[in-house]
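Source: prediction; values computed, not measured.
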Amino acid sequence: MSLLYLHFCLLNLLSLAEDDRLKQPKQEGRVRLVGDLPSSGRVEVYHDGQWGTVCDDGWELAEAQVVCRQLGFPGAISVKPGGQYGEGSGPIWLDDMNCKGSESSLSECSFKGWGVTDCSHKEDAGVDCETGKNITSNRQFSVDNSLGLSHDLGLLFDSGDGCDFRINVQDTSEEEELTFCVHKMILMFYPELNITNDSRNIAVNVSQTCHPHVSAFLRYLYTRQIDVSITSAQCLHQLAFIFGVKKLMEDVGRTFTLLLPEDNTFLTQVSMYEYGVRTGDLVLQENVLQYLSWNCEYLISSPVWSTISFHMMDALLQRSDLIVNDEAFLLEALETWIQDKGEEISSDQQASLLNHIRFLLIPVDKLYETQFSSSVLRQNHEKLYLTGLLRGFQFNALPFSKIRNQMDNMSSEYLSRIYTGDEWSVIINDTTVNYPYYHYGQNNRIQTFSTPAHPSALYREQKVQWKAQVFLSAQECSNYGMSCTSFPVARFYGYGNQERYTSTIRYSNRLILSCKYENNVFHVQDFKNSMAVIPNNSSMDLPNPCPDDYSFRFVVRPEYI
């Protein structure tokens, strides 16, 4: 009976009605072209129940190739940025696209996140696709009734009709055991299980606390659908790891991000990272590392700092999205960690971590004080330590023209992290009062301050003036001659002497959102044309744990070009 049933489901996929093109289901990640010709137009993608556009940031031929092949065309002829096929409406779903060109759909490429963008519809991306020969006579229509198939296969699992394979689930103590009868044909879609024609059963060890979730997981193997909650996430991730279902591991790993802002002790985050290392889940590792990088200062001041592993420390120190007061603060934190670890950390490991410190970006006055340090790192690796100091002094003393050749082989030691010292940042806390009309001295959501043009000592006395603003309404934007479509929106720009340095210095400034009283950073983004549109809570990388009470920190990040 089960074979006939499956045969019927497969035949269902081949049925073609005359109006299939018009009634075609709008599936997640589907793309279409909006224009006068079927082979060219503005690119739109279907997500969360509606069509939206794609920003042209990072929009190149590789991305166009993916779109055209996804639509059944041989390839792409050219890309059309800047809204050349007209401006769309609704959400801008994708931004900062980065495709390899081999993906089967646009949503498989790397991008910021659904709906995370700082673009307007003036930047809607378009493509021109190859049509090939006799395209009208060979035109194909995509027919997809897989949603019905998924439902029917779920019913097949529920009924157990025709099952021919047993899965014995037991915990490590072997005191509890569950048995499920499933269909070998389904399991053979998962090669990691090594199911052969002669196989009749397998036994897996699963912690007893996860036994209630096994049935839902096995049903997922049939339907590719599952509901994930905070309480079930880790068990489903563990089962996906045991059965080798990597896609589910990645998807469930993303739900772990909901937990990240909830534990100010950092115990949960560190535990999650180590779990991600054990299971090989790179997505989970990256999500945790990003959160800990954003909250690095708070992590360093917590008791958990002395307990983190070498490989976690190594991964953190290589990142440029670490938010810290300055590089000297990070060096001191590393020295404290090494002292606390004692003999657990070998000399080679110490040297490896010291190489990640960006001596060039330590403020010159603190660099001077550092040379007299009697720290463990200085004692154990004096030559390496002194070399870092020497390079730091050279960076502060030599003009850009002298070090340009070295920077052609750009390494991370030249790249600024997100330094939040008072010299480089300003905070706006007033995000609740609406000022419909601006009067001098009244609006607390406007701050001006000055910074050196660059961290090098050569630029200490050469100042750049900055203005930071936060707008909560269309009226506020209008008062400054701007049109804003979503709120809040931040504006950050330099004036005065900034133009003097554009040939040698660029400013990769950042906006940091954090809870006022919990000191919890939950969002970081860059500015585009001096503006940063804050995404809504559902499209942020991390959920906003304090939606009504958070602050804006504006950070200046100068870098040699």
What is the minimum heavy-atom distance between [X] and [Y], and which atoms define it?
X	Y	answer
C55	T117	CB-OG1, 4.3 Å
S425	V555	CB-CG2, 4.0 Å
C129	I77	O-CD1, 3.7 Å
F395	L360	CD2-O, 3.1 Å
M97	C109	CE-CB, 3.8 Å

Exercise. Run the ring-ring contact (aromatic ring centres under 6.0 Å, His included) check on H454 and Y560 step by step: do they pass?
Worked result: CA-CA 8 Å; H454 189 272; Y560 279 139; 4.0 Å; yes
Determine yes or no for a side-chain-to-main-chain donor-acceptor pair under 3.5 angstrom, with [X] supplying the side chain and [Y] the backbone.
X	Y	result
Q70	G29	yes
E274	S271	no
S150	T223	yes
E28	H47	no
E327	R358	yes
D56	W59	no
Q65	A76	yes
N529	M531	no
D118	V533	no
Q269	L260	yes

Any side-chain heavy atom of [X] within less than 4.5 Å of one from [Y]?
X	Y	value
R30	V45	no
V31	Y46	no
L187	L221	yes
I418	L322	no
S39	L33	no
L316	L292	yes
F310	I345	yes
S508	D526	no

Exercise. How would you list, by chain and number, every residue that makes a side-chain contact (heavy atoms from CB on, under 4.5 Å) with S110, sequence neighbours excluded?
Worked result: N98
Exercise. Can you list the residues that meet the side-chain contact (heavy atoms from CB on, under 4.5 Å) rule with S104, with sequence neighbours excluded?
Worked result: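 Result, side-chain contact (heavy atoms from CB on, under 4.5 Å) vs S104: E108.
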Problem set entry | Test side chain to side chain contact (heavy atoms under 4.5 Å, CB included) applied to S320 and L415, step by step | CA-CA 7 Å; S320 293; L415 298 179; 4.1 Å; yes
Problem set entry | Full working for side-chain hydrogen bond (donor to acceptor under 3.5 Å, both in side chains) between R319 and S293 | CA-CA 8 Å; R319 299 179 68 95; S293 296; 2.9 Å; yes
Side chains of [Y] and [X]: any donor to acceptor distance under 3.5 Å?
X	Y	result
Q318	D314	yes
R491	S530	no
S309	H311	yes

Ring-plane angle category for [X] and [Y], please: parallel below 30°, perpendicular beyond 60°, tilted otherwise.
X	Y	answer
W93	W114	perpendicular
H183	Y222	perpendicular
Y291	F266	tilted
H523	W294	perpendicular

Before we go on, tell me: are the rings of [X] and [Y] under 6.0 Å apart, centre to centre?
X	Y	result
F243	F217	yes
Y419	W424	no
Y550	F552	yes
Y493	F554	no

Problem set entry | Contacts of type salt bridge (Lys or Arg N to Asp or Glu O under 4.0 Å), residue K122, not counting sequence neighbours |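 Checked K122 against salt bridge (Lys or Arg N to Asp or Glu O under 4.0 Å); zero matches.
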Exercise. Can you name the residues that form a salt bridge (Lys or Arg N to Asp or Glu O under 4.0 Å) with R557, not counting sequence neighbours?
Worked result: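 Partners of R557 under the salt bridge (Lys or Arg N to Asp or Glu O under 4.0 Å) test: E559.
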Can you measure from [atom1] ([X]) to [atom2] ([Y]) and round to the nearest 0.5 angstrom?
X	Y	atom1	atom2	result
R224	R219	CZ	CZ	14.0 Å
I92	D124	CD1	CG	5.5 Å
N295	I300	CG	CD1	11.0 Å
T279	F241	OG1	CZ	6.0 Å
I561	T504	CD1	OG1	6.5 Å
L513	N520	CG	CG	11.5 Å

In this structure, are over 12 heavy atoms from other groups packed under 6.0 Å from [X] atom [atom1]?
X	atom1	answer
F189	CZ	no
K184	NZ	yes
K246	NZ	no

For residues 79-91, tabulate all N or O donor-acceptor pairs below 3.5 Å that involve a side-chain atom, not counting sequence neighbours.
residue: Q84; atom: NE2; partner: P81; partner atom: O; Å: 3.1
residue: Y85; atom: OH; partner: D128; partner atom: OD1; Å: 2.4

Exercise. Are V524 and L511 close enough, and set up right, to give a side chain to side chain contact (heavy atoms under 4.5 Å, CB included), and what steps lead you there?
Worked result: CA-CA 6 Å; V524 178; L511 177 66; over 6 Å; no
Exercise. Between E123 and K528, is the closest basic N to carboxylate O distance under 4.0 Å?
Worked result: yes
Problem set entry | Partners passing side chain to side chain donor-acceptor pair (under 3.5 Å) against Y275 (at least two apart in sequence or in another chain) |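 By the side chain to side chain donor-acceptor pair (under 3.5 Å) rule, Y275 matches H237.
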For this session: In sequence, state the C-alpha distance, the side-chain angles, and the governing distance for L106 and C99, and then conclude on side chain to side chain contact (heavy atoms under 4.5 Å, CB included).
Result: CA-CA 8 Å; L106 190 63; C99 298; 4.0 Å; yes
Problem set entry | Stepwise side chain to side chain contact (heavy atoms under 4.5 Å, CB included) check, F359 with R391 | CA-CA 7 Å; F359 281 92; R391 288 178 58 78; 5.7 Å; no
